[in-house]
Structures are given as C-alpha cells and as structure tokens.
Amino acid sequence: MEKQFKRTTVTSALPYANGPVHIGHLAGVYIPADIYARYLRLKKHDVLFIGGSDEHGVPITIRAKKEGVTPQDIVDRYHQLIKDSFEEFGISFDTYGRTTSKVHHDLASQFFRTLYDKGEFLEQSSLQYYDEEAKTFLADRYITGECPRCHSEGAYGDQCEKCGSTLSPDELINPKSAISGSQPVQRETKHWYLPLDKHEAWLRRWILEDHKEWRPNVYGQCKSWLDMGLQPRAVSRDLDWGIPVPVEGAEGKVLYVWFDAPIGYISNTKELLPDTWEQWWKSEDTRLVHFIGKDNIVFHCIVFPAMLKAEGSYILPENVPSNEFLNLEGDKISTSRNWAVWLHEYLREFPGKQDVLRYVLTANAPETKDNDFTWKDFQARNNNELVAVYGNFVNRALVLTHKYFDGAVPACGTLNEYDEATLREFAEVKAEVERLLENYKFRDAQKEAMNLARIGNKYLADTEPWKLAKTDMPRVATILNISLQLVANLAIAFEPFLPFSSARLRGMLNMSTCDWEQLGKTDLLSEGARLNPAELLFEKIEDATIEAQIQKLLDTKKANEEANYKAKPIRENIAFDDFLKLDIRVGTVLECQKVPKADKLLQFRIDDGLEQRTIISGIAQHYAPEDLVGKQVCFIANLPPRTLKGITSEGMILSAENADGSLAVITPEKLVKPGSEVK
RNA sequence: GGCGGGAUAGCUCAGCUGGUUAGAGCGCAUGAUUCAUAAUCAUGAGGUCCGGGGUUCAAGUCCCCGUCCCGCUACCA
C-alpha cells in the first residue's frame, strides 16, 4: 500500500458537451481533483491533471437535429463554454482536450484495433431497427413510439420519460424513426462486445482484495456488480457521429461513447505530450487517480480497467475517489428542469468570488452521502468563516503592521513559550492537512487549514499587541513578526483550496515563493520587507444578494411548472366501433393489498357485478391499499389476462396522471351498481 | 423486492481494528475585548448516537430484525 510513486496522473470525469457545468459537477469532481493536483504540485511532485470534453454519443446528435445545426456545432459551443468557465474558475488542468480531436480519433481507433487483433472482443449479430428512408440504423434514442407500460406517446427506444420505464426498442408500440418519421424495419447488424465476464476473476482480486481502502460507496458498488456476475457489453453502435469502427466491413458503425470517452484521458495526455505521454499511462511507478461522480463508478472501476488490461500495456488506477450527489435547496439538481447553479452564470454574477464557491463546495462536499447546497449556507460560510476568521486575521495582522511599523516586517526578538507553543500547533496542522489530502478527505483538510487562521486570531487576542504598543515596542515587533509569518503560511496552506485568495495574499505580502515544504516555517518574510496596503481578502455577502439568487431559483421553478403544465395533443380519431369494443365497467373494491416483492403494484379483488376478479395496478406509490377498500373504480373489463409477478391480472384500473406524475384513480361521481358500464 | 450507500447536538459533519464523563465548525446564550469587514477571544447550554433484540466484563462502533432517505435494478394491463 505504501508504494512509492514517481508521478501522478489525475483525471477528472469528462463533462458531456451538450450543456454547461453546474455546482454538482464542481463539488463532485472538479474541485476535489483540482485541490489534489494543486497540492501535489506544491509538493513538487510530478503531476499531470487531465480534463476534456466528451463530445460523442446520441444525445448530442439529437440536440443538433432539434436545433437544426450539426453535432459539431453543438460540441464546439459547449466545449468552449465549459473550457472557458473551468479556466476562469481556476481548475488547473494541464490540458483540457476534446474527444473530437484527431489525436483522440487515432488513438481510440488504434486502441480498438489492438483489442480486435488480440481477439479480445466477441462479434455478434442481432436484429435492430433500420430506417429505410434515411438508410441508417437507428440508435435507441432515435426511435420513438407509444410506451408499452404507460401508453403515452413519445417514449424513446431506451426509456419512457413519462413513466421512467427502461425499455428496449422492440417493445415500443408503433415505433417511428425520429429522423424521417417513417416506420423502421428490423435488420440484422453486427456488433462487437467486450466480454467482461472473462475479466471477472482478476477484477475481483484486484478490487475486493487489493483495494479495500477505496471509499465504501465505490467498493460496495463494485462488489455488488461483481457478485451479480459481469456480462459482455457492446462497444459499437450504428451511428454516424463518433469514431468509426476500424474494421473492414464496419461501415456506418462507430465506437460506443463509453468506450471512446475514457480513452480521451489518454489521448488528451498524448496531445499535450506527444513524446512522453506513455510514462503517465504505462509506467509502473505512476499513480493513476480518477475523480468521478457516483454514477460513473462502474465504468471507471470495472469497464475501463478491463479495457486497459485487455490492451495489455497500461497501468490500472490506484484509486477512484467518487463523490455522491449534491442537491440544490432540497431538490435534485436537474439540467432538463433547469434546477441548478450554472458555473458560467455564477462567474458572471459573482465576479472575483471563485474562491467563495470553491470553499463552500469543499466544506459541504458530498464525500460520504448526498448533501444539500443552499444559498443561506453559502452566505453563512462566507460571512462567518471566510470573512470573520480567515480574512479578518489577515486584515488584523496587516493593519497592525502598517499602524505600528509603517508597513515593514518588524524584527523578531526572542520567542517566549507561548510563541513557541503557537508555532508548534501550526506544524501539527500541517501534518494533519497532508494526511487528510492524501486520503482524499478534502472537506476535513480544508477545515484543518482554516484552523491555522483560528490559531492566528487566538494568538492576537492573547498577546494583545495594541496594548503593549504603549509600553513595549520590541515585544510588539515580535508578535507582529510571528503573526505575519502565520499569514504567509496561510497563503501556502490555502493555495490548493483557494488559489485566487492565496495569490492576492502573496501580493499583499510581496511574497515570491510558494512551496508546500515551507509550510510551518517562521522565516517566510524577512525583516524589513515592505508590505503592500491591506485589502480585504473576502467581503461580506448581503442578504439582498442571497435573496436574489433564491428568487431566481423560485422563478425557474415556476417557469418549469408552467412549461410542464401543457396537455398532450389529442391523438388521431378512431372509429366509433373501436370505442364500442372497449368494455369499461365500474367495480367495487373488496380487497386491496400490496404485491409482495414489487414496489409499485397493488393487487385488487373487485366485485364486477357478475363475479369477482383480480386486477393488478401500478399505483402503490400513490395509494395506501386500505384507503381503496370499499371504493368504486373504473376498469377495462375485456383485456386479455396478463401475469405480473406470478399473479394473473384480469383488467386495467383507470387513473388520471397529473402533471407531477402522481396518479388519481377514476371513480364515479355517485355510487352505482357494481358492473355498471361506462360509456 | 434485490443490491449498494447513509441515518450521531438546531444545521453541516468527525468518531480507526468495540474500552474512561460521545467530538468539531456554524448557529444560540453569557462574559471579555476593541487592532480588525459589529470582526475576535473565553465559557456554557444543547445528543434515548433511527427503533427493537442479541454477543461481550464493555457497543455509536460487531450480529440479527425493522423504519426512513439516496442510488442502481425489477415490477407499473
């Protein structure tokens, strides 16, 4: 475990280039990765911090189609937006590439080819939908139709967004091609699969035995997957946006985006360092660390390592620190619902306050469980911690020096015991911050760094130089010298966390060096050195500012509710005879209970006027079974029976679906005889 | 339902392989102080460690049963 590494490759999940970056991404991946990379650099370790945009995949092509532009236009737009906002925010990538680059295409292609030549893939043909008009196979997202579960229109081939079901394209009723609108036909197509099952044995050993130190969520999820047994995964798709499968007879096929994206880490390295990139990826004394969100655990811990191992010449990750999710004001962050704090907007609305957001998102990082970001917490942490503790100490030390010594670092006399105890505390904090950072505990590490400022405030309160100034100037000189040394130390300690503030602080101190190993030293500023005028390192954030942000979110929410409250268009007319075929009846609920081993199903015993029948209905999340007993419901009585969870359902209970997805059972306005027809 | 993660002071979280009166920051109360962005410092009040069993001399920490939250997954005629 205590392996010595010569260099470290740090990767952070590639953001998908079909939308901007929000605080969830920052808290989960980019800020911790950046802190880690900056820390290693400060320690003069060799480190390479890799980022880049993920620019392939179906959602981008769909978005392009919708907007009437090319996929390239989409990725160009968001790649630039994301790249610029990361840069402005101080995420210190050594390189930020993109998966549409030539280097990436070549490398990914070559990677695939190597595995292909080594026989690491399975080839398999299957039937898939094909659009004869557009002359192309259709990816799952390109097929729409009626959802077989909730019967709403507009379900996609992989998922119905209305009821949330996961679908496969051949389940859709009346499938239509999203490209031409024509009815697609099934055609045989060949694809390549990575047989993960073949890699199971070593993965099991490597993760479950050799990496017990991985975070519980990461380890647990891997174990869960391994215990369920791994299945082969397709690595190609029929699509024209992506990296062509480099095999004869594979025209019209591209690498599946999850296969090409992680290779992006490697190709971005190669693009930056064409001659030496391999040492960052193939040398046993390189430590590889992937920073990701919890949705990416399986890819980075199982699939990507399997790819690397299959290729044969690459190292495997040493750790995969993965964060949970960040919520916003109590609700899940959602791009489609516009429920987010977007980085590019934050940068515009809070100019110069990068570090405030960095601080808050680290202090409240979802390292062990989902956390909630609130604007009030943002304000409190800024005003009560950054301003009151850190900024204030810096300001006190500088102002006092200007007042009593005209802005020059005063001479340090003999230290008394209290001085030395204070400095010892400092050294202890340094060791603790290091230990925490090396264990990927960024939240605690930052808190520990903040303790340095607390020590400083206490030191000033206890020594009271403003009183001694009347009687003992040499002692005041010593106290302020030490205080200023502490301030200089803060500039180093906070460099990984709050780089902008550290830079400003160094400017105020005229401090040229910044080296982690100097942390804890008391000669960072030499006697007589001139200080610049004190500026406020952080400023208070007023209530009005916070209220405006909260209002902005509330407005968003309202706008969304209105946007969602749009009734669906009426379907095509049907013949009256078709209506007559439906036999809708009223029944009285005699019994109702939850179906065992199913979360959404209720089992009804219904009096239909003639006899009793059993009906299963997926409304368990909206009704307690006992509340329905004795009620009358409407149901379709002449559907063929269908077995669900081993129970035969003889009909379908009618419910209305509200805008928020909740269900309301349809019941007659007054009591009628069971078996009454609904016309 | 299965699997994984979580549940500890008002809030956000620490508590390693079980061991003295369960900790930190913020908030709150009281006092001190004025160099400082009404900042700081000290002290204090706050906890059936989700509930119930069990193992043990000893359990927040281990085992079993259950509840709630998050994720993946199954079911939704």
Side-chain angles (χ1 to χ4, degrees), chain A residues 147-151 160 163-166 215-225 227-228 293-295 297-298 324-325 327 332 360 363-372 374 376-377 380-381 383-389 391-404 436 441 443-444 447-448 450-451 453-454 456-467 469 476 479-480 483 534-540 594-602 615-622 635-636 639-655 663:
Chain A
C147 173
R149 315 254 199 267
C150 70
H151 296 274
C160 170
C163 66
S165 308
T166 308
R215 287 189 184 167
N217 58 343
V218 176
Y219 187 90
Q221 184 152 356
C222 291
K223 182 170 189 320
S224 163
W225 269 66
D227 288 348
M228 281 189 299
K294 70 172 162 184
D295 49 341
I297 291 173
V298 171
E324 303 280 304
F325 288 154
N327 294 325
K332 249 185 266 195
V360 172
N364 193 24
E367 287 178 7
T368 51
K369 63 173 186 189
D370 291 359
N371 272 349
D372 196 26
T374 65
K376 288 197 80 163
D377 181 62
R381 288 193 187 274
N383 293 357
N384 304 332
E385 298 178 32
L386 286 178
V387 173
V389 179
N392 186 38
F393 171 59
V394 169
N395 194 237
R396 297 170 84 183
L398 287 172
V399 167
L400 285 168
T401 305
H402 280 285
K403 183 165 177 179
Y404 298 129
L436 291 166
K441 298 192 166 189
R443 190 175 52 199
D444 291 346
K447 198 164 159 182
E448 202 56 43
M450 196 50 131
N451 272 340
R454 290 181 210 284
N457 274 321
K458 183 169 160 49
Y459 180 70
L460 283 180
D462 290 345
T463 55
E464 299 183 304
W466 50 91
K467 282 189 180 167
V476 174
I479 292 168
L480 287 184
S483 299
E535 316 162 15
L536 295 184
L537 204 48
F538 302 99
E539 55 190 19
K540 289 210 155 211
K594 279 211 65 180
V595 174
K597 302 192 179 190
D599 279 354
K600 300 193 182 174
L601 302 185
L602 289 183
I615 298 183
I616 303 290
S617 183
I619 59 174
Q621 289 174 332
H622 308 281
F635 65 97
I636 302 177
L639 281 171
R642 161 143 175 186
T643 304
L644 290 162
K645 289 279 170 192
I647 303 164
T648 303
S649 178
E650 303 160 302
M652 178 169 157
I653 292 177
L654 300 178
S655 303
L663 295 177

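Below, chains carry the letters A, B, ... as their sequence lines are ordered, and counting in each starts from 1. Hydrogens, waters and symmetry mates are skipped; everything else that's a heavy atom, side chains included, is used.
Between B:A74 and A:K600, no contact under 4.0 Å exists linking OP1 or OP2 to a side-chain N or O. Contact annotation: A:S224 does not reach the phosphate of B:G2 (side-chain N/O to OP1 or OP2, under 4.0 Å). For A:K332, a side-chain nitrogen or oxygen approaches OP1 or OP2 of B:G71 to under 4.0 Å. Here A:N384 reaches the OP1 or OP2 of B:G27: one of its side-chain N or O atoms lies under 4.0 Å away. Within the structure, a side-chain polar atom (N or O) of A:R454 is placed less than 4.0 Å from OP1 or OP2 of B:C26.
Anti is the glycosidic conformation of B:G60, whose angle departs from 0 by more than 90°.
Using a 4.0 Å cut-off between charged nitrogen and carboxylate oxygen, A:E324 and A:K369 do not count as a salt-bridge pair.
The side chain of A:N395 lies closest to B:A36 when the candidates are B:A36, B:U33, B:A77. Checking B:U12, B:G6, B:U33 against every side-chain atom of A:W466, the shortest atom distance belongs to B:U33. For A:V399, the side-chain atoms get nearest to B:A36 when compared with the rest of B:C41, B:A36, B:C70. Taking every side-chain heavy atom of A:L644 into account, B:C75 is the closest of B:C35, B:U12, B:C75. Across B:G5, B:A77, B:C75, the shortest atom-to-atom separation from the side chain of A:K645 is found for B:C75. Nearest nucleotide to the A:K403 side chain, out of B:C35, B:G5, B:U12: B:C35.
B:G46 and B:A59 are spaced 24 Å apart, taking the P atom of each and rounding to whole Å. Taking atom P in both B:G15 and B:U8, the straight-line distance is 14 Å, to the nearest Å. The P atoms of B:G5 and B:G44 are separated by 39 Å, rounded to the nearest whole Å. Across B:A14 and B:G52, the matching C1' atoms stand 27 Å from one another, rounded to whole Å. When the C1' atom is compared between B:U17 and B:U61, the two are found 10 Å apart, to the nearest whole Å. If you take atom P in B:G19 and the same atom in B:C63, they sit 15 Å apart, rounded to whole Å. On the P atoms, B:C76 is 48 Å away from B:U56, given to the nearest whole Å. Distance check on atom P: B:G18 versus B:C64 gives 16 Å, rounded to whole Å.
As judged by a 4.0 angstrom heavy-atom cut-off over every strand, A:K441 is placed among residues touching the sugar-phosphate backbone only. Here A:F538 lies in heavy-atom contact (under 4.0 Å) with a base. Looking at heavy-atom distances under 4.0 Å, A:A388 makes contact with sugar-phosphate atoms alone, never a base. A:K458 comes within 4.0 angstrom of sugar-phosphate atoms only, judged by non-hydrogen atoms across all strands, and of no base. Within 4.0 Å (heavy atoms only), A:L537 reaches at least one base atom of the nucleic acid. Using a 4.0 Å heavy-atom criterion, one finds that A:S617 contacts no nucleic acid atom at all. Using a 4.0 Å heavy-atom cutoff across all strands shown, A:N392 reaches at least one base atom of the nucleic acid. Nucleic acid contact for A:V387: base, since at least one base atom lies under 4.0 Å from a heavy atom of the residue. Looking at heavy-atom distances under 4.0 Å, A:L536 makes contact with a base. Nucleic acid contact for A:L400: base, since at least one base atom lies under 4.0 Å from a heavy atom of the residue. A:K294 comes within 4.0 angstrom of the backbone, heavy atoms only, and of no base.
Using N1 to N3 plus N6-O4 or O6-N4 for Watson-Crick, or N1-O2 and O6-N3 for G-U wobble, each under 3.5 Å, B:G18 pairs with nothing. Pairing for B:A39 is absent, judged as Watson-Crick or G-U wobble with the two contacts each under 3.5 Å. Summarising the base pairing, B:A77 is matched to no nucleotide, lacking a Watson-Crick or G-U wobble pair whose two defining distances lie under 3.5 Å. If you check B:C3 for Watson-Crick or wobble pairing at under 3.5 angstrom, you find it paired to B:G71. Pairing partner, B:C28: B:G44, with both Watson-Crick or wobble hydrogen-bond distances short of 3.5 Å. Using N1 to N3 plus N6-O4 or O6-N4 for Watson-Crick, or N1-O2 and O6-N3 for G-U wobble, each under 3.5 Å, B:A58 pairs with nothing.
The backbone N or O of A:A534 sits nowhere less than 3.5 Å from a side-chain atom of A:N395 that would complete a donor-acceptor pair. One N or O on the side chain of A:T401 and one on the backbone of A:A397 form a donor-acceptor pair closer than 3.5 Å. In this structure, the side chain of A:R443 engages the main chain of A:A365 through a donor-acceptor pair within 3.5 Å. Under the 3.5 Å distance criterion, the side-chain polar atoms of A:Q221 are left unmatched by any main-chain donor or acceptor of A:I297.
With hydrogens and angles left out, the side chain of A:R642 and the base of B:A77 share no donor-acceptor pair within 3.5 Å. The base of B:A24 lies close enough to the side chain of A:K447 for a donor and an acceptor atom to sit less than 3.5 Å apart.
In this structure, CD in A:E539 is found 10.0 Å from CG in A:N383, a value given to the nearest 0.5 Å.
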Yes or no on side chain to side chain contact (heavy atoms under 4.5 Å, CB included) for A:L654 and A:I636, after CA distance, side-chain angles and deciding distance?
CA-CA 7 Å; A:L654 300 178; A:I636 302 177; 3.9 Å; yes
Side chain to side chain contact (heavy atoms under 4.5 Å, CB included) for A:H622 and A:L602? Distances and angles first, verdict last.
CA-CA 10 Å; A:H622 308 281; A:L602 289 183; over 6 Å; no
Worked verdict on A:N451 versus A:E448 for side chain to side chain contact (heavy atoms under 4.5 Å, CB included)
CA-CA 5 Å; A:N451 272 340; A:E448 202 56 43; 3.5 Å; yes
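Separating the CG atom of A:D370 from the P atom of B:C68 is a distance of 18 Å, rounded to the nearest angstrom. One interatomic measurement links the two molecules: CG of A:L436 to P of B:G25, which rounds to 16 Å at whole-angstrom precision. Computed from coordinates, the A:R396 CZ to B:U33 P distance equals 15 Å when rounded to whole Å. The interatomic distance linking A:I616 (CD1) with B:A77 (C1') rounds to 10 Å, in whole Å. Rounded to whole Å, the distance from CE on A:M652 to P on B:A77 is 6 Å. Rounded to a whole Å, the CD atom of A:E385 is 15 Å from the P atom of B:A24. Across the protein-nucleic acid pair, A:K223 atom NZ and B:G2 atom C1' stand 14 Å apart, rounded to whole Å. Regarding A:K369, its NZ atom lies at a distance of 6 Å from the P atom of B:A7, rounded to whole Å.
When the nearest nucleotides of RNA chain B are assigned to A:R443 and A:W225 by heavy-atom distance, the more 5′-ward of the two goes with A:R443. Residue order along RNA chain B, read from the 5' end via each residue's closest nucleotide, puts A:K594 first among A:E324 and A:K594.
Scanning both residues, A:V595 and A:I616, for their nearest heavy atoms gives CG2-CD1, 4.0 Å.
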